[in-house]
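So that the names make sense, note that chain A is the first sequence line, chain B the second, and so on, each numbered from 1. Scope of the values below: all heavy atoms of this structure, side chains included, with no hydrogens, waters or symmetry mates.
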Amino acid sequence: MELAANSSGRGPLTQRTSEAGTVTWVEQARAIFLKDLRAESRTKVAFSAIGVFTLSSLLLMALATATLKELKAFSEPRFYQAFDRLHSSSDVAVKSIVDAALFPAWSDSSKMAILWVLLCFAAFAGLSHAFVHEEEAGTTLALRLTMSAPAVYAGKLMFNLMLIAVVTVVVTPAFMLVTGMHVGWPLVFAGTMFSGCVGLAGSATIIAALAAKAHGTGALYGALGLPLLVVFIALLMNAANTVYAPQVGVVQALKDVGGLISYGVALIGVSSITFRYVWEE
Amino acid sequence: MSVQTSKSEMVSGASTGVDGLWWKSLCGLLMLFVIYGAFFIAKGAVNFIGTGDVARIIFFHVPVAIQCQLWYFIAAIYAVRVLMTPPGAADRLAIDTKSGTAMELGFLASILATITGSIFASLEWNSYWNWDPRELSIVGLLLIYAAYLVLRGAVSANPNRRAQLCAVFAIVTVIPATFLIMVVPRIPALQSLHPPNVIVDPAATSLSYKIVLWSSFISFTMLFVWLFQLRCRTLGVIARRQARRTR
C-alpha cells in the first residue's frame with residue numbers, strides 16, 4: 001500500500017541539497033536547535049514561562065503543605081523521648097499512628113513525585129512554544145520546504161530537552177531547600193532526573209506538534225499531554241523509591257531507572273516515525 | 001448475510017433489514033444467561049468479604065475492563081490503516097470513522113469498568129478508590145480515550161486533518177497504553193489489591209464461575225461489535241447528509 005506522505009520525509013529543497021551531499025538531517029536538526037536557542041536567548045519567553053510557573057507552583061505547594069512539614073517533627077526521636085516521659089505505656093501505639101499518618105504524604109520519594117508533577121505542569125504550560133511560535137510567525141511553510149520532517153522533530157526535541165533540563169537544574173535545589181528532600185543515592189538520583197527529562201521532553205514535543213496543527217490553545221495542549229504522564233509518574237515513583245533505598249542493589253536500580261528511560265525512548269521512537277504525518281499537509 | 005456485505009454496509013452506511021440476526025439473537029440470549037448465571041448459578045466466592053456475594057460483580061466488571069483494553073488496540077490498528085491510505089482515497093475517512101468509533105467504545109467500557117470497580121472496591125476494600133495499579137491502568141486509559149475525543153472535537157471542521165492528527169495521536173499513545181496495561185500492574189512499588197491470575201489460572205475459579213465468566217466475555221464482545229457497527233453506520237449517514245448539504 002502506498003504511504004500517504006512522502007516516505008523520505010524531505011521537502012524538495014532539502015532533497016536537492018542532500019543529493020549534493022552538503023546537508024545531512026543531523027546538520028539540519030542542529031541548525032533548527034541553534035535557531036530556536038538564538039530566538040530563545042533573545043526573548044527568553046519559554047524559559048521564563050516555565051521557570052516562573054514552576055517556582056510559583058513550588059511556593060503554593062510549600063504553603064499548602066506547611067502543616068505536613070510541621071507534623072514531620074512528631075516523627076523525630078526527641079519528640080518520642082518526650083512522649084516516653086509523658087505516655088510511656090502507649091509509646092509504640094502513638095509512634096505507629098504518627099508514622100502511618102505521615103509516611104504516605106511526605107517521604108522523600110513522595111517529594112520527588114511532587115517535584116515532577118510541578119515540572120510536568122510547567123512543561124505543558126510552556127513547551128508548546130517551539131511549534132506554536134512557528135505557526136504564529138508563519139514560518140512553518142518555509143521550514144517545511146527547507147528541512148526534512150525528522151530533522152525538525154529532532155531539532156525541536158533537543159531544544160525542549162535542553163529547556164526542561166535547565167529548568168530542572170534550577171528548580172530542584174530550590175525544591176530541596178523548601179521541602180527538605182534529600183539526594184539519596186547520587187548516581188541513581190542523577191539518572192532518574194535525566195530519564196525524567198527525556199520522558200517529559202518526548203511526551204511534550206509530539207503533543208506540542210499535534211496541538212499546534214490543531215490550532216489548539218494551551219488548554220488543548222494540557223488536555224492531550226497530561227494523560228500521557230500517568231504512566232510517567234508511576235514509573236518515576238518506582239525509580240524514586242530506589243533512589244532512597246540504596247540497599248536494593250545496582251541491578252534493581254538499573255531496572256527501575258531503565259524502565260523510566262525506556263518509556264521516554266519508546267515514546268520518542270514512535271513519535272519520530274509518526275511526526276511526518278503531523279508536519280506535512 | 002455475508003461478512004462482506006456487512007462490511008460494505010458499514011462503509012456505505014446503507015442498511016436493509018436486520019443484518020447478522022443469528023449472532024445478535026445469540027448475544028441477547030447469552031446476556032440473559034449471564035444475568036441469570038451471575039445471581040443463581042455461580043456460588044458466593046471464597047476469600048471475599050461476608051458470604052462472597054460481592055464477587056458477583058466480576059461477571060460484569062472484568063469483561064468491560066477487557067473491552068476497554070481491546071478497543072484501544074483495534075482503534076490503533078485502524079489508525080495505522082488511516083496513515084497508510086493516501087489522503088485522497090475514498091475509504092480513508094470511513095477508516096478514520098472506525099478508529100474514532102473504537103475509541104468511543106473504549107471510552108464507554110473504561111467508564112463502566114471504573115464505576116463497577118469502584119462499587120466493588122467500596123464493599124470489599126472499604127474505599128471507592130485505593131490507588132491500586134489496576135485502578136490506575138483503567139483510569140489512565142480513560143484519560144487517554146478522553147484526550148483522543150477532545151482532539152477529535154477540536155479538529156472536527158476539517159475531516160482530512162482530523163483523520164491525520166487523530167491517527168497520529170492514537171499511534172503515539174500506544175506506548176502509554178501498553179505500559180498501563182502490561183507494566184504498571186507489575187510495578188513493585190505499587191502493590192495490587194486485585195488477586196493475581198484469577199482469569200488465567202484454572203484452579204482459581206470453579207466450573208460454574210468459568211461458564212458464566214466466559215459467557216460474559218463472549219456476550220460483551222458481541223455487544224460491543226454490534227454497537228461498533230451501529231455507530232459506524234450512523235456516522236456514515238450523518239457524513240453523507242453533510243456532504244449533500246455542502247454540494
Side-chain angles (χ1 to χ4, degrees), chain A residues 1-5 104 109 199 202-203 206-207 209-217 219-220 222-242 245 248 252 255-256 259 262-281, chain B residues 76 79-89 92 131 133 135-158 160-190:
Chain A
M1 201 180 283
E2 194 185 339
L3 282 175
S109 52
S203 312
I206 188 69
I207 298 299
L210 279 167
K213 283 287 165 188
H215 301 298
T217 58
L220 180 71
L224 297 183
L226 290 175
L228 270 70
L229 300 176
V230 174
V231 177
F232 174 75
I233 292 292
L235 292 169
L236 202 128
M237 284 170 70
N238 189 43
N241 281 340
T242 308
V248 296
Q252 188 61 40
K255 274 165 71 178
D256 292 342
S262 70
Y263 177 69
V265 169
L267 207 56
I268 289 168
V270 174
S271 303
S272 63
I273 294 166
T274 53
F275 178 74
R276 67 169 58 114
Y277 297 101
V278 182
W279 186 242
E280 289 165 7
E281 293 288 339
Chain B
V80 171
R81 282 188 59 197
V82 167
L83 294 186
M84 291 175 77
T85 309
R92 192 170 197 246
W131 293 113
E135 289 178 347
L136 195 62
S137 296
I138 293 294
V139 88
L141 276 176
L142 174 75
L143 287 174
I144 289 174
Y145 280 128
Y148 176 90
L149 296 176
V150 166
L151 177 64
R152 215 171 164 77
V155 281
S156 58
N158 185 340
N160 278 311
R161 177 172 282 186
R162 182 186 64 193
Q164 193 101 342
L165 297 186
C166 289
V168 169
F169 186 78
I171 294 167
V172 167
T173 49
V174 161
I175 302 299
T178 308
F179 270 73
L180 280 170
I181 295 165
M182 305 290 180
V183 179
V184 169
R186 290 163 185 83
I187 289 178
L190 303 171

Nearest heavy-atom contact between A/G259 and B/F179 is O-CE2, 4.1 Å
For a side chain to side chain contact (heavy atoms under 4.5 Å, CB included) check, start with the C-alpha distance between B/V172 and A/L210, then their side-chain angles and the critical distance, and finish with the verdict. CA-CA 11 Å; B/V172 167; A/L210 279 167; 5.7 Å; no
Provide the closest heavy-atom pair for A/E280 versus B/Q164 in the form atom of the first, atom of the second, distance. O-NE2, 4.1 Å
Exactly one of B/L165, B/L151, B/I144 should register a side chain to side chain contact (heavy atoms under 4.5 Å, CB included) with A/L224. Which one does? B/L151
For the CZ atom of A/R276 and the CG atom of B/L83, what is their distance to the nearest 0.5 Å? 11.0 Å
Partners of B/F169 by ring-ring contact (aromatic ring centres under 6.0 Å, His included), sequence neighbours excluded? none
Please state whether the side chain, the backbone, both or neither of A/I207 comes within less than 4.5 Å of a heavy atom of chain B. side chain
Distance-minimising heavy-atom pair for B/A147 and A/A223: CB-O, 3.4 Å
Winner by heavy-atom pair count (cut-off under 4.5 Å) against chain B, out of A/T242, A/L228, A/I273: A/L228
Chain A interface, residue from B/N160, B/V150, B/V168, B/I175 that has the most non-hydrogen pairs under 4.5 Å: B/I175
Does any non-hydrogen side-chain atom of B/V174 lie less than 4.5 Å from one of A/V270? no
Less than 4.5 Å apart, any side-chain heavy atom of A/F232 and any of B/P176? no
If I compare all heavy atoms of B/R161 with all of A/K213, which pair ends up nearest, and what's the gap? NH1-O, 3.0 Å
With a 4.5 angstrom heavy-atom cut-off, is it the side chain or the backbone of B/V183 that approaches chain A, or both, or neither? side chain
